[in-house]
Amino acid sequence: MNQISINEFIEGIPKAELHLHIEGTFEPELMFEIAHRNNISINYSSVDDLKKAYNFNNLQEFLDIYYAGASVLITEQDFYDLTWAYLTKVHEQNIVHTEIFFDPQTHTDRGVSFETVIHGIHNALEVGKEKLGISSHLIMCFLRHLDEESAFETLNQALPYKKWITAVGLDSSELGNPPSKFERVFSKAIDEGFITVAHAGEEGPADYIWEAINLLKVSRIDHGNRSLDDDQLIKFLSDKQIPLTICPLSNLELKVVDDLINHPLLKLMDAGLMVTINSDDPAYFGGYMNENYCRIASALNLSKEQIKELAKNSFQSSFLSDDDKEIMIRKIEQYYQKNNN
Ligand code: ADE
Ligand code: ZN
């Protein structure tokens with residue numbers, strides 16, 4: 001039997017994506033196209049000129065550009081086109097399930113209605129399911145640099161759309177905006193039946209991860225790199241198998257790590273944590289899921305068996321039903337048996 005390379009193995013294995021901001025999939029070409037049709041001028045003369053600005057020293061420098069990019073999204077069609085472009089990419093990369101963040105406040109604060117945003121995204125996801133066979137869940141994020149009142153307002157806007165939104169999350173500028181700031185909003189979200197997740201320990205300390213667990217009752221930690229600073233936390237995350245959604249290329253581009261060879265992924269796996277690979281904001285960080293898998297596999301010399309574990313973890317950590325998880329995990333085992341030579 002012909003041996004396939006690790007990259008081919010990665011490309012072919014079925015995967016789930018659990019940490020993906022739909023606004024972070026906004027490719028410059030589509031951004032220019034949508035800006036043009038909405039008669040909005042972009043501060044950059046060309047796609048290449050814009051791409052040159054994608055050079056970040058930290059999370060905030062990225063967020064400033066990311067929010068500026070998202071500001072050309074106005075109509076339901078814009079949100080549909082953005083989501084559809086992502087789904088076609090997902091389809092090429094053997095991602096069969098995706099759990100997508102969206103940031104309503106980025107849009108409602110500019111006068112775009114919540115309805116416009118959710119209808120555009122949801123309709124594309126429905127077509128993605130029907131035409132591409134991609135299942136999905138939506139996770140509504142609160143922007144943590146904004147206040148509690150704005151988060152409550154956003155939660156209230158989401159209530160009529162409960163059947164389309166599985167979970168709530170927390171993103172944006174982490175330092176100085178601890179999870180505790182949103183304890184009451186998350187408590188109401190839980191009462192309303194939402195699952196909870198939160199970005200924690202990307203730039204912020206391990207204490208923020210404890211807060212996300214203890215105060216926001218999260219089912220997953222988004223990023224969580226800094227958990228390695230706290231032995232007790234590592235033991236807790238391992239004992240409880242609370243998943244971490246790790247984003248290697250994001251960590252590299254936002255200088256959370258200086259080099260992928262120093263990325264903590266293997267340390268976290270070796271400590272027995274439930275870790276997954278994700279793309280975060282692929283249009284800004286130089287790669288979608290397969291690029292994230294391939295680059296980290298090369299930097300850390302991961303084996304096919306380790307890739308198989310990561311792909312299995314992606315389904316195990318998802319919000320799919322136990323039956324659906326089981327089906328996918330079995331498929332991955334079969335794929336491994338066929339291709340691990
Ligand atoms: N919003 C989009 N990407 C993010 C990230 N990596 N961290 C926090 N907020 C974000
Ligand atoms: Zn993120």
Side-chain angles (χ1 to χ4, degrees), residues 18-21 23-24 53-70 101 103 105-106 139 141-148 151 168-183 186 196-216 218 220-234 236-237 242-268 271 273 275-287 292 295-296 299:
L18 307 179
H19 184 151
L20 180 281
H21 302 262
E23 294 88 350
Y54 293 179
N55 190 356
F56 315 111
N57 292 303
N58 53 46
L59 174 59
Q60 193 58 53
E61 286 186 12
F62 156 68
L63 290 171
D64 292 342
I65 289 207
Y66 162 87
Y67 294 129
F101 296 127
D103 289 341
Q105 289 152 297
T106 299
I139 306 171
C141 280
F142 302 112
L143 298 180
R144 68 203 303 160
H145 67 274
L146 300 180
D147 60 22
E148 184 195 41
V168 298
L170 188 63
D171 65 1
S172 191
S173 322
E174 187 181 11
L175 285 169
N177 295 299
S180 54
K181 182 173 164 186
F182 297 95
E183 184 178 358
F186 272 62
T196 62
V197 298
H199 283 55
E202 180 184 17
E203 285 186 343
D207 277 356
Y208 283 19
I209 301 174
W210 280 120
E211 281 191 16
I213 293 165
N214 293 325
L215 305 182
L216 308 187
V218 295
R220 297 195 294 246
I221 294 288
D222 296 313
H223 296 295
N225 298 49
R226 296 284 300 276
S227 53
L228 281 164
D229 297 348
D230 181 334
D231 291 346
Q232 263 185 305
L233 177 58
I234 286 289
F236 184 87
L237 292 169
I242 297 175
L244 302 188
T245 61
I246 297 284
C247 307
L249 290 178
S250 164
N251 293 159
L252 183 66
E253 292 303 315
L254 301 187
K255 312 288 188 287
V256 170
V257 295
D258 61 350
D259 192 309
L260 284 183
I261 60 172
N262 298 320
H263 194 282
L265 177 83
L266 255 187
K267 280 193 196 127
L268 294 165
L273 270 67
V275 290
T276 64
I277 300 283
N278 306 275
S279 71
D280 205 5
D281 302 285
Y284 292 90
F285 300 147
N292 271 273
R295 294 276 303 277
I296 196 72

Verify side chain to side chain contact (heavy atoms under 4.5 Å, CB included) between Tyr54 and Ile65, making sure each step is shown before the conclusion.
CA-CA 8 Å; Tyr54 293 179; Ile65 289 207; 3.7 Å; yes
Suppose we call two aromatic rings close when their centres sit under 6.0 Å apart. Are His223 and Tyr208 close by that rule?
no
Passes side chain to side chain contact (heavy atoms under 4.5 Å, CB included), Asp280 versus Thr245? Steps please.
CA-CA 9 Å; Asp280 205 5; Thr245 61; over 6 Å; no
Please work out which of the three classes, parallel, tilted or perpendicular, describes the rings of [Y] and [X], given edges at 30° and 60°.
X      : Y      : result
Tyr284 : Tyr66  : perpendicular
His199 : His19  : perpendicular
Phe285 : Phe62  : tilted
Tyr67  : His145 : tilted

Can you confirm whether Arg295 is buried at CZ, in the sense that more than 12 heavy atoms of other residues, nucleotides or ligands lie under 6.0 Å from that atom?
no
For atom NZ of Lys267, decide whether the heavy atoms of other residues, nucleotides or ligands shown that lie under 6.0 angstrom number more than 12.
no
Can you see which heavy atom on Leu143 is nearest to which on Ser172, and at what distance?
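It is CD2-CB, 4.0 Å.
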What pair of heavy atoms forms the shortest contact from Pro248 to Ile277, and how long is it?
CG-CD1, 4.0 Å
Step by step, would you call Asn292 with Asn278 a side chain to side chain contact (heavy atoms under 4.5 Å, CB included)?
CA-CA 7 Å; Asn292 271 273; Asn278 306 275; over 6 Å; no
Determine whether Ile296 and Leu249 satisfy the following criterion, side chain to side chain contact (heavy atoms under 4.5 Å, CB included), listing intermediate values before the conclusion.
CA-CA 8 Å; Ile296 196 72; Leu249 290 178; over 6 Å; no
Find out whether Lys181 and Glu148 are in side-chain contact, i.e. whether some heavy atom of one side chain is under 4.5 Å from a heavy atom of the other.
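Side-chain contact under 4.5 Å: no.
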